[in-house]
Amino acid sequence: MPKVIFELTMPNRNSWNGAWSGDCKKYTVIKDLPMGQLEKMKPSYYYDFGDGWGASVEVRRAGREKATGRFSNYGWMINSILKHNEIRKDWDVCLTK
C-alpha cells in the first residue's frame with residue numbers, strides 16, 4: 001500500500017488582517033491507500049466555505065517527510081476526498097474517523 005500525504009493550507013482568508021492563525025504551522029497527515037487509488041485522485045482539492053475563506057488540500061505520494069499528524073480539525077476533508085474524490089460538507093463523512 002502506498003503512503004500518501006495530505007497537506008492543508010488556507011489560500012483564501014477573509015480575516016481582518018488577511019491571515020490565518022494557523023499560517024505558521026504545517027498541517028500534514030499520512031495515510032496508507034490501496035494500490036491504484038492515488039492515481040485516481042487529483043493533486044489538489046479546494047473547498048469554498050462560502051464566506052470568503054477557502055481551504056486547499058494537496059495530495060501526493062509520501063517521500064521521506066514525516067507528517068505533523070494534525071489537520072486543524074479539518075480531517076473530515078480527507079475523509080470526504082477518500083469517499084467522494086472531492087471535498088463535501090457531508091455529516092456522515094465528518095463523523096467518520
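Along the sequence shown, the residues carry numbers beginning at 1.
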Subject >> Enclosure of Asp51 CG (heavy-atom neighbours >12, cutoff 6.0 Å) >> reply: yes
Original post:
What pairs of residues pass the salt bridge (Lys or Arg N to Asp or Glu O under 4.0 Å) test when at least one of them lies in residues 11-30, not counting sequence neighbours?
Top reply: Arg13-Asp23
Subject >> For Ser56 against Pro11, the heavy-atom pair lying closest together >> reply: N-CD, 3.7 Å
Original post:
Taking the side chain as C-beta and beyond, is there a heavy-atom pair between Glu58 and Pro43 under 4.5 Å?
Top reply: no
Original post:
Do Trp20 and Ser72 have side chains that get closer than 4.5 Å, going by heavy atoms?
Top reply: yes
**OP:** Report yes if some heavy atom in the side chain of Glu7 is under 4.5 Å from a heavy atom in the side chain of Tyr27; otherwise report no.
**Re:** no
**OP:** For the pair Glu65 and Arg60, find out whether any cationic side-chain nitrogen is under 4.0 Å from an anionic carboxylate oxygen.
**Re:** yes
Subject >> Verify same cluster id: Tyr45, Ile5 (apolar side-chain graph, 4.5 Å) >> reply: no
Original post:
Could you state the interatomic distance from NZ (Lys40) to CG (Asn85), rounded to the nearest 0.5 Å?
Top reply: 9.5 Å
Original post:
With a 4.5 Å heavy-atom cut-off, do Trp53 and Ser15 have their side chains touching?
Top reply: yes
Original post:
In terms of the angle between their ring planes, are Trp76 and Phe49 parallel, tilted or perpendicular, with boundaries placed at 30° and 60°?
Top reply: perpendicular
Original post:
Looking at NE2 of His84 and CG of Asn79, how far apart are the two atoms once the value is rounded to the nearest 0.5 Å?
Top reply: 9.5 Å
Subject >> Note, Asn12 side chain near Tyr46 side chain (heavy atom, < 4.5 Å) >> reply: yes
Original post:
Could you give the distance from CD1 (Ile87) to NZ (Lys89), rounded to the nearest 0.5 Å?
Top reply: 11.5 Å
Original post:
So do Val57 and Phe71 actually touch side chain to side chain, heavy atoms under 4.5 Å?
Top reply: yes
Original post:
Does any non-hydrogen side-chain atom of Ile81 lie less than 4.5 Å from one of Glu86?
Top reply: no
**OP:** With rounding to the nearest 0.5 Å, note down the distance linking CE in Met1 to NZ in Lys3.
**Re:** 9.0 Å
Original post:
Which pairs pass salt bridge (Lys or Arg N to Asp or Glu O under 4.0 Å) with one or both residues in residues 69-79, sequence neighbours excluded?
Top reply: none
Subject >> Test side chain to side chain contact (heavy atoms under 4.5 Å, CB included) applied to Val4 - qualifying residues, sequence neighbours left out >> reply: Phe6, Leu33, Leu38, Val59
Original post:
Going by an N to O cut-off under 4.0 Å, is there a salt bridge joining Arg61 and Glu39?
Top reply: yes
